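Below: one structure, written as structure tokens.
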Amino acid sequence: MAFFKRKKETEPQFYATVADGLKKIYRGKLLPLEEAYEFNEFVSPQLNDPDFDAKPMVLLVGQYSTGKTSFIRYLLERDYPGIRIGPEPTTDSFTAVMYGDNEQVIPGNALAVDKSKQFRPLSKFGGAFLNRFQCSILKSPVLKCVTMVDTPGILSGEKQRTDRGYDFVGVLQWFAERVDRIILLFDANKLDISDEFRRSIEAIHGYEDKVRIVLNKADQVDHQELMRVYGALMWSISKVINVPECPKVFVGSFWDQQLKHDLYRRLFEKELQSLFDDLQDLPRYAAMRKLNDFIKRARMAKVHAYIISSLREDMPKMFGKGRKKKELIKALPNLLKKIQEEHMVATSDLPEITGMQEKLVQSDFSKFPLLKEKLIGQVNHMLDSDIADLMAIVPNDFHEPVIRGGAFDDVKDINSPFGFQKCEGIDLGHGEPEWIVTKERSKWDAIFQALGPSKGKITGSTAKKEMVKSRLPNPVLAKVWRLADCDQDGLLDADEFALAMHLINVKLDGYDLPDELPDHLVPPSKKRLTNGGSGSDGDSY
């Protein structure tokens with residue numbers, strides 16, 4: 001019997017998808033530990049099936065008039081039900097923008113009882129929040145793969161926090177735990193971080209890997225002001241986000257209006273491409289994100305169990321419970337340090353002390369359970385074995401498509417002349433009847449003749465004297481030589497030299513060089529070489 005038992009334990013589980021596997025091991029191994037030590041009351045609500053099956057979510061956070069709602073509209077290239085855009089604080093609700101066939105707005109109280117969506121746990125924030133929460137449903141191809149969450153504009157002053165009537169920072173923390181990407185938007189014209197914005201950013205501590213920062217409306221300032229604004233932004237962020245490296249900052253103007261200052265147009269286009277690359281692949285890496293968040297949750301649940309059981313052990317059996325409870329709450333930092341040392345717990349897995357102390361005040365320590373080694377063992381086995389099985393199927397779980405439709409089709413366009421780096425840089429001259437190098441050919445021919453060609457060609461050492469004047473690194477010039485020497489004879493004729501100088505100018509203009517020479521840059525005299533022709537007119541064998 002023992003033999004069969006051991007075989008069953010070591011037998012790998014089969015899961016169709018990562019989400020399917022996470023649901024099973026959560027209900028079987030992690031949830032019992034969470035329920036035993038009231039993890040859902042102290043740290044995070046219980047997970048349900050929609051939490052595992054949900055599409056990737058993008059949370060937009062920022063002070064009022066930073067362009068959060070306009071950013072969503074820019075991605076969708078259309079309005080959505082309930083949208084309000086203006087210079088004053090117009091968005092006063094949390095709005096989840098989701099895909100659906102019938103356009104409608106679902107109020108928060110209805111969402112809180114909808115079993116098909118992942119928002120049911122938000123009911124714990126009360127009716128005041130649910131009255132400020134809604135879901136906009138519309139049929140947009142962008143939303144087939146991702147859900148956008150707009151947030152109220154953050155104002156300054158202590159009064160704004162109390163007037164909301166609900167735990168604004170707590171709601172942000174709930175979303176931060178579950179979303180795939182958090183976009184913090186800043187307005188280039190106002191970089192001050194208000195008290196509530198500071199608390200909001202601090203609420204996402206522990207999820208900095210999800211954070212991306214967008215410096216929006218960058219076209220509204222000139223190039224000199226933009227440098228100062230960027231420096232001021234980095235200084236402000238360093239005071240709030242306590243990480244060794246600042247999250248990636250994207251600079252641009254994310255709307256469909258005319259640019260006021262377009263000196264940095266190329267920079268804005270590159271930043272736009274980088275940001276869309278980051279967003280477009282979210283569906284493909286959603287499974288890995290869910291695994292990562294699940295592992296983090298499991299570690300936090302273990303730490304919580306150690307805390308609760310330790311508090312229970314230190315309580316007296318008969319008298320002085322009230323006094324001892326106050327002493328234990330006050331000494332919570334010492335207990336966390338002890339647990340950290342005994343169980344080798346990372347600092348990032350420890351709860352926030354002040355918040356934990358506030359919740360413990362309302363609890364009866366004598367009703368806390370003692371440490372149940374069996375439950376801890378189940379979670380350890382889950383982390384060591386079950387998670388490893390799920391990791392093995394992650395590469396095969398990339399069945400989700402990238403985001404398509406809306407602005408994604410336009411930004412990633414490769415066919416029109418307005419696609420990224422189309423008709424410029426290395427693509428300049430594509431589709432034109434004349435070889436693009438011919439436009440400056442007279443200048444290159446004069447330099448070529450001055451170098452003293454022999455039999456119509458110059459050697460590598462001769463060409464190097466002219467090419468190094470560009471002050472480009474040798475590896476770059478080596479690539480230029482390889483691309484320009486079309487017949488690979490180790491020499492450059494007039495056409496190849498002109499091509500080499502053209503490629504150097506392309507690189508000096510800030511564009512990358514390709515690994516292979518595009519057809520439209522091949523000199524007309526060398527076309528037969530690239531088309532597979534032989535260099536002789538003799539018979540083929």
Side-chain angles (χ1 to χ4, degrees), residues 11-35 39-40 43-59 96-101 111-122 135 137 140-149 173-182 206-207 209-210 278-302 378-404:
E11 224 172 46
Q13 296 289 326
F14 174 76
Y15 305 112
T17 64
V18 171
D20 177 56
L22 287 176
K23 282 187 281 188
K24 290 180 180 178
I25 64 175
Y26 175 71
R27 287 192 292 263
K29 297 187 177 180
L30 182 55
L31 183 58
L33 180 69
E34 293 184 1
E35 291 177 335
F39 181 79
N40 62 323
V43 184
S44 177
Q46 176 182 330
L47 299 178
N48 299 306
D49 285 356
D51 291 306
F52 299 103
D53 298 328
K55 299 171 186 174
M57 288 197 294
V58 177
L59 178 69
V97 186
M98 307 182 74
Y99 181 83
D101 292 327
L111 287 171
V113 295
D114 188 346
K115 294 182 179 180
S116 66
K117 292 182 171 59
Q118 65 271 42
F119 305 118
R120 294 183 69 191
L122 286 170
C135 179
I137 304 292
S140 168
V142 174
L143 300 175
K144 286 184 177 181
C145 300
V146 68
T147 294
M148 303 284 176
V149 181
Q173 202 164 20
W174 185 91
F175 275 107
E177 183 182 349
R178 288 159 176 79
V179 300
D180 295 71
R181 186 68 72 237
I182 303 170
Y207 303 99
D209 58 312
K210 301 179 181 181
D278 186 73
L279 294 176
Q280 200 167 33
D281 285 336
L282 285 180
R284 289 185 172 176
Y285 298 102
M288 182 60 74
R289 193 276 304 170
K290 290 173 182 175
L291 258 177
N292 183 62
D293 287 352
F294 186 83
I295 294 170
K296 185 184 297 185
R297 183 184 181 93
R299 292 201 306 263
M300 292 171 64
K302 283 175 57 181
Q378 278 186 176
V379 174
N380 287 335
H381 180 267
M382 175 194 77
L383 293 171
D384 294 338
S385 179
D386 297 310
I387 295 297
D389 292 340
L390 288 176
M391 289 289 291
I393 69 171
V394 166
N396 302 320
D397 199 32
F398 285 177
H399 62 280
E400 294 288 348
V402 295
I403 302 174
R404 300 292 185 192

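Keep in mind that what you see is a predicted model, and the values were worked out from it rather than measured.
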Looking at CG of Leu31 and CD1 of Ile25, how far apart are the two atoms once the value is rounded to the nearest 0.5 Å?
12.0 Å

The salt bridge (charged side-chain N to carboxylate O under 4.0 Å, His left out) partner of Asp49 among Lys24, Arg27, Arg120 is Arg27

Nearest 0.5 Å, please: how far is CD1 in Ile295 from CD1 in Ile387?
5.0 Å

Please find the pair of heavy atoms, one from Gly21 and one from Leu390, that lie closest to each other, and give the distance.
CA-CD2, 3.8 Å

First locate atom CD of Glu177, then atom CZ of Arg297, and finally report the distance between them rounded to the nearest 0.5 Å.
5.5 Å

Side-chain donor-acceptor contact under 3.5 Å, Asn380 with Lys302
yes

Rounded distance [0.5 Å steps], NZ in Lys55 versus CD1 in Ile403:
10.5 Å

With Arg181, the side-chain contact (heavy atoms from CB on, under 4.5 Å) member among Asp209, Asp278, Leu59
Asp278

Straight-line distance of Asp51 CG to Lys23 NZ, nearest 0.5 Å:
10.5 Å

So Asn40 and Glu34, side-chain contact (heavy atoms from CB on, under 4.5 Å) or not? Walk me through it.
CA-CA 7 Å; Asn40 62 323; Glu34 293 184 1; 5.6 Å; no

Beyond-backbone contact of Phe175 with Leu122, side-chain heavy atoms, under 4.5 angstrom
yes

All heavy atoms of Ala298 vs all of Leu383, minimum pair found to be CB-CD2, 3.9 Å

Taking Asp180 as the fixed residue, which of Lys290, Lys210, Arg289 is the one that meets the salt bridge (charged side-chain N to carboxylate O under 4.0 Å, His left out) rule?
Arg289

Write down the atom of Pro121, the atom of Pro45, and the distance for their closest heavy-atom approach.
CB-CB, 3.8 Å

Students often mix this up, so state it plainly: with edges at 30° and 60°, are the rings of Phe294 and Tyr26 parallel, tilted or perpendicular?
perpendicular

Please report the interatomic distance OG1(Thr147) to CD(Gln118), rounded to the nearest 0.5 Å.
6.5 Å

Contact summary for Leu22 and Leu291, nearest pair of heavy atoms
CD2-CD2, 3.9 Å

